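Each remark here refers to the structure printed beneath this line.
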Amino acid sequence: MQTQRVYLRAAWMAILCLIMLVVFAVADESSALDIYVSVDGGAQTDGSLTKPYGSLPDAVEAVRALRKAGSTEPVVITLREGRHQLDHTLVLTIADGSPATSDDVAFEQYGAGDTTGPAFLTFAAYPGEQPVVSGGVPVIGWRRLESAPAELPAKAVGKVWVADMPAGMDRFYTLYDSRGRLNRARNAGFAYTKPGTARTLHFPKGALKNWHNLEDVEIQVRPSRAWVINMLPLASVDETAGVATTSVSATYQMGPLPRYLHTPRASVVWVENILEALDEPGEWAVNTKTRRIYLWPSDPARDGSPCGILAPATTELIRVEGKIDYDGPTDTPARGIAFSGLTFSHADRWAWTSDENRVGWGMQHDWDMFDRPTALLRFRGAGECQVTDCRFVASGGSGLRMDLHAQRNRVIDSEFAHLGEAGILLAGYGPGTKDVNHHNEIINNTIHHFSKITWHSPGLWAWQSGHNRMIHNELHHSGYSAVLITTRVEPDRSLNGEGGRTIRRHEIAAEDRNRRRGGYESWKTREKYNHSRHNLFEYNDLSHSVQLLSDGNAIYVSGTGAGNIIRHNYVHDNRARSLPACIRCDDDQHETLIYGNVLYNNGGFTAGIVSKGLNDIINNFIVAPAAVPRAGYITFAWVPVTGSKAQRNIVMSHPDGGKAFGKKLRRGTPAEDGPKLVETDMDNNLYYHPTDSHWMDEHLLKMRAVGKEKASRFGDPLFVDPAGGDFSFRPGSPALDLGIEPLDVSKMGRLDD
């Protein structure tokens with residue numbers, strides 16, 4: 001039977017090639033290169049508008065047949081309305097992309113440069129229609145749960161339905177209906193009873209049980225740090241001793257969080273996928289031993305049964321993949337593949353299942369995994385590819401990844417929303433000399449309500465990726481930081497340390513292998529291995545960050561290369577209590593320019609900017625802070641900052657005061673080894689307190705005694721209408737005399753055109 005199938009498929013492909021050759025002979029060029037796909041495609045298909053293919057893989061195979069027949073013209077695969085199901089990742093390779101290269105074209109300073117021509121292969125929506133590329137497999141055969149298990153809550157009895165897992169599917173971690181991702185049953189959580197280890201936790205009596213399907217149960221934990229959360233499978237539960245072990249290591253030991261960030265008795269561990277927690281409409285649980293799915297439908301059919309339920313078959317829908325020479329210096333990218341007007345949805349979360357493929361492979365605090373299939377669409381070795389006017393919604397993982405080699409790719413006018421993990425991730429090779437993830441563009445996108453499962457996942461992250469142009473994006477409602485530009489992996493990191501296995505040790509000079517963080521000079525010797533450099537992040541709008549975790553920022557630049565520019569961004573309404581800063585340079589970060597940003601109505605530790613390194617802070621407005629900072633509205637932290645510029649900034653105080661500039665020592669560091677305001681290049685700043693005209697007297701007196709802040713002054717900047725978003729100056733503003741540039745937030749964020 002298998003031989004017969006192979007023969008029939010070969011015969012079908014031969015017939016297809018013959019049909020395509022005939023089409024080329026009799027049709028004009030444009031119609032010959034348009035191929036259509038419809039979920040209603042029949043058995044007699046030729047890819048035409050009237051006889052479309054029935055699946056994306058069939059259309060791709062047809063294009064491949066065209067290429068073998070000699071076609072070198074661009075092809076557009078047009079998807080009609082409906083849900084186009086992918087049960088496995090559709091992999092597009094070098095052969096599917098453009099044979100032309102652009103290696104001899106000089107790079108611009110930032111971004112992808114000019115587009116040289118149409119994509120070689122385009123996947124596009126039919127005009128006026130909204131096709132969905134989906135990893136969801138329908139769950140059918142629902143029946144009301146007549147005999148409720150004893151563990152099911154009383155309020156759920158009679159309301160829960162049950163179905164069998166789809167055939168051929170062993171495990172999944174998310175579930176969907178027509179409205180989006182459904183919540184997996186989750187309890188109210190608990191606090192640790194005492195510190196444990198990365199694989200062991202101590203729990204209060206009754207919080208965990210030795211469930212008969214223990215391998216299905218996961219715990220979501222905050223493991224003793226403010227900035228990370230893990231989803232871990234249980235391995236064993238000793239109910240009497242109150243000790244449980246996990247199958248996978250947490251990022252840190254599973255113990256209490258610092259009290260200054262967290263209420264000690266508040267929950268830091270939650271249990272998921274147990275019937276005891278299935279107590280609200282829209283919640284579900286699965287038992288892989290009995291292969292049963294339990295669901296309390298939130299959008300039922302007329303008879304009360306679930307409808308349109310989908311279980312994800314894969315964690316990534318489409319991968320564009322070139323030839324990766326992992327240990328060598330040169331990759332060969334797939335080029336010229338584009339996606340336009342499509343919606344991507346219903347992929348699973350890539351779960352942690354063993355330490356073998358997790359420990360040492362995490363990128364900065366395990367906020368994501370290195371080179372893993374965690375996104376709906378993934379470019380892994382890709383150049384000159386484009387995503388335009390697409391939607392990445394309702395999925396368990398991230399929206400889009402650009403891994404390893406990624407150059408001159410564009411993501412434009414797209415939406416990333418309601419995702420379990422990150423919005424967009426650009427992740428090059430680990431620290432070393434191989435620097436091939438750069439000069440990409442992320443323009444005019446909306447990225448919101450991401451990090452819904454792994455709360456620490458960012459909206460936009462450039463890890464070991466540089467010279468990217470990230471402009472006119474809007475990011476809001478994140479669990480943790482909205483934007484990351486980081487590396488933060490030192491060459492001396494152990495293999496099992498955070499990111500330790502990503503380090504390209506054979507490329508690290510012997511004299512640099514044991515260099516640690518420790519100020520500007522040490523950073524300068526390591527900077528050549530840290531490739532998130534010279535990124536341009538400007539004209540973006542960011543709000544409502546750090547909604548779930550602690551110690552996060554709207555914009556976070558950490559432990560990476562030189563020349564990053566954070567410019568002309570509107571950062572507003574970030575009012576989380578545990579927000580350290582709107583813009584923060586952290587962990588040995590230097591040579592960053594923070595220029596022309598408007599920071600309005602923000603709270604947290606500080607309403608403004610933190611610089612842990614030699615960075616320039618120029619022409620920023622800190623207005624209407626919602627909280628008094630612990631250190632300063634602009635804070636220099638931990639390391640010497642000699643020569644850092646703090647010029648032409650406007651700082652408007654909270655009514656209760658606070659310091660305009662602060663300094664913060666690392667615990668145990670002598671004052672002489674920390675930051676000193678008098679060693680900065682500070683001048684032409686404008687300060688204002690609504691009721692205290694002497695607010696800055698002490699600061700100005702001290703700084704002027706050492707030749708700083710000579711022109712700076714106290715005074716009302718006379719903004720036209722800051723509450724309405726107008727930060728231009730009225731006539732007579734002292735800001736104009738100081739050379740401060742007015743800032744227009746109407747130019748920040750997405751552009752309608």
Side-chain angles (χ1 to χ4, degrees), residues 110-112 115 119 123-125 130 132-133 317-318 320 338-345 368 374-379 382 384-395 397-402 406 408-427 437 439-452 457-463 465 467-479 481-485 535-545 554-556 566-572 745-753:
Y110 308 105
T115 301
F123 296 83
Q130 297 180 331
V132 177
V133 182
L317 302 187
I318 298 178
V320 177
F339 303 86
S340 177
L342 304 177
T343 294
F344 296 85
S345 197
D368 212 320
T374 67
L376 287 158
L377 176 61
R378 187 179 181 206
F379 295 152
E384 298 144 53
C385 293
Q386 185 157 306
V387 175
T388 307
D389 193 29
C390 288
R391 299 178 71 236
F392 298 79
V393 297
S395 194
S398 298
L400 184 148
R401 290 185 67 136
M402 299 186 195
R408 292 195 173 101
N409 301 300
R410 292 178 169 87
V411 183
I412 305 171
D413 294 330
S414 295
E415 180 183 15
F416 298 79
H418 303 289
L419 298 168
E421 296 184 333
I424 302 173
L425 170 61
L426 298 89
N437 195 304
H439 288 92
N440 302 290
E441 295 192 340
I442 313 295
I443 301 176
N444 214 51
N445 302 284
T446 302
I447 307 172
H448 65 96
H449 294 93
F450 46 91
S451 59
K452 302 297 286 185
S457 298
L460 175 56
W461 189 2
W463 185 87
S465 181
H467 292 274
N468 301 298
R469 187 166 168 255
M470 301 174 281
I471 67 171
H472 288 299
N473 301 287
E474 180 180 353
L475 298 99
H476 60 87
H477 290 91
S478 62
S481 296
V483 174
L484 305 175
I485 300 174
N535 287 291
L536 178 63
F537 185 81
E538 67 174 355
Y539 291 108
N540 301 285
D541 183 302
L542 301 96
S543 68
H544 301 91
S545 58
I555 304 171
Y556 186 52
I566 310 300
R567 183 169 65 193
H568 292 150
N569 300 288
Y570 186 31
V571 187
H572 61 98
V745 299
S746 69
K747 296 179 180 178
M748 303 174 189
R750 289 190 70 252
L751 301 177
D752 292 338
D753 58 354

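Starting from 1, each residue takes its place in the sequence as its number. Source: prediction; values computed, not measured. Both backbone and side-chain heavy atoms feed into the values below; hydrogens, waters and symmetry mates do not.
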Open item on the list: So, applying side-chain hydrogen bond (donor to acceptor under 3.5 Å, both in side chains) with Asn540, which one of Asn444, Asn445, Asn569 is it?
Closed with: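 It is Asn569; the other options fail the test.
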
Value rounded to 0.5 Å, distance of [atom1] in [X] from [atom2] in [Y]:
| X | Y | atom1 | atom2 | value |
| --- | --- | --- | --- | --- |
| Met402 | Leu377 | CE | CG | 8.5 Å |
| Asp389 | Asp413 | CG | CG | 6.5 Å |
| Glu474 | Ile447 | CD | CD1 | 10.0 Å |
| Leu542 | Asn473 | CG | CG | 9.0 Å |
| Trp461 | Tyr556 | CH2 | OH | 10.5 Å |
| Leu317 | Ser395 | CG | OG | 6.5 Å |

TODO: Determine, stepwise, if the pair Ile318 / Phe339 fulfils side-chain contact (heavy atoms from CB on, under 4.5 Å).
DONE: CA-CA 11 Å; Ile318 298 178; Phe339 303 86; 4.0 Å; yes

Locate the shortest heavy-atom distance separating [X] from [Y]; write the atom from each residue and the value.
| X | Y | answer |
| --- | --- | --- |
| Ala554 | Val571 | CB-CG1, 3.7 Å |
| Val320 | Cys385 | CG1-SG, 4.3 Å |
| Ala375 | Arg401 | CB-CG, 3.5 Å |
| Ser414 | Val387 | OG-CG1, 3.9 Å |
| Phe450 | Gly423 | CB-N, 4.4 Å |
| Ser451 | Ser478 | OG-C, 3.7 Å |

Validation row: [X], [Y] side chains within 4.5 angstrom (heavy atoms):
| X | Y | answer |
| --- | --- | --- |
| His572 | Val745 | no |
| Phe123 | Val133 | no |
| Leu425 | Ser398 | no |
| Met470 | Val483 | no |
| Phe344 | Cys390 | yes |

- [ ] Under the side-chain contact (heavy atoms from CB on, under 4.5 Å) rule, what do Ile443 and Arg410 come out as? Steps first, then yes or no, please.
- [x] CA-CA 8 Å; Ile443 301 176; Arg410 292 178 169 87; 6.0 Å; no

- [ ] On the 0 to 90° scale, with breaks at 30° and 60°, tag the Phe392-Phe416 ring pair as parallel, tilted or perpendicular.
- [x]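 Because their plane-to-plane angle is under 30°, the rings of Phe392 and Phe416 count as parallel.
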
Check whether [X] reaches the backbone of [Y] with its side chain - one donor and one acceptor, N or O, closer than 3.5 Å.
| X | Y | result |
| --- | --- | --- |
| Ser345 | Ala394 | yes |
| Asn409 | Glu384 | yes |
| Glu441 | Ala112 | yes |

Task: Non-neighbouring partners of Asn468 that pass side chain to side chain donor-acceptor pair (under 3.5 Å), sequence neighbours left out - done: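 Applying side chain to side chain donor-acceptor pair (under 3.5 Å) to Asn468 gives Asn440, Ser465, Asn535.
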
Open item on the list: Could you work out, with side chain to side chain donor-acceptor pair (under 3.5 Å) as the rule, every residue matching Glu415, not counting sequence neighbours?
Closed with: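 Here the qualifying residues are Arg391, His448.
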
Task: Distance-only side-chain donor-acceptor flag, Tyr539 / His568, under 3.5 Å - done: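 Yes.
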
Open item on the list: Just by distance, no angles: are the side chains of Asp541 and His476 close enough, under 3.5 Å, to form a donor-acceptor pair?
Closed with: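 Asp541 vs His476: no donor-acceptor pair found between side chains.
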
